[in-house]
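Input: a single structure, listed below in structure tokens.
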Amino acid sequence: MADPRIRQIKIKTGVVKRLVKEKVMYVKETRQQEEKIERLKAEACDEEADSEAKYVIKKQETEEDLAEAEEYKEARTVLDSVKLEG
């Protein structure tokens, strides 16, 4: 049979790879959302900031804050714990 330590290393390596992929996707998604907000702000300025554009911008910023406050902090905690163990 295979050494159980090798099996554990493979499992933990897979976990780290998945977490790295998730972090990359979160960063990419954050960048896309920031670009979208900037584009909406620019459009709002061009169109004299109609109320619908203001609403969309505010909603987008609020959603980002909530996501960052909950998911990002949780993911950061997990990543930091992995760094500490390694």
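Here, residue 1 is the first one in the sequence, and each next residue gets the next number. Just so you know, these numbers come straight off a predicted model, no measurement behind them.
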For the side-chain contact (heavy atoms from CB on, under 4.5 Å) test, which of E34, K28, K36 pairs with Q32?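 With Q32 as partner, E34, K28, K36 yield a single side-chain contact (heavy atoms from CB on, under 4.5 Å), made by K28.
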Identify, with sequence neighbours excluded, every residue that meets side chain to side chain contact (heavy atoms under 4.5 Å, CB included) alongside Q8.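 Q8 satisfies side chain to side chain contact (heavy atoms under 4.5 Å, CB included) with I11, K12 only.
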Check side chain to side chain contact (heavy atoms under 4.5 Å, CB included) between E38 and all other residues, then give those that pass, not counting sequence neighbours.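 Result, side chain to side chain contact (heavy atoms under 4.5 Å, CB included) vs E38: K41.
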In terms of hydrophobic clusters joined by side-chain contacts under 4.5 Å, are V15 and V20 together? yes
Separation between CD1 of I9 and CG of D3, rounded to the nearest 0.5 Å: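 Going from CD1 on I9 over to CG on D3, the span is 8.0 Å.
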Pairwise distance CZ(R5) to NZ(K10) - rounded to 0.5 angstrom: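 Output value for this atom pair is 14.0 Å.
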Sequence-distant partners of R18, side chain to side chain donor-acceptor pair (under 3.5 Å), two or more places apart: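 In terms of side chain to side chain donor-acceptor pair (under 3.5 Å), with neighbours along the sequence ignored, R18 is linked to E22.
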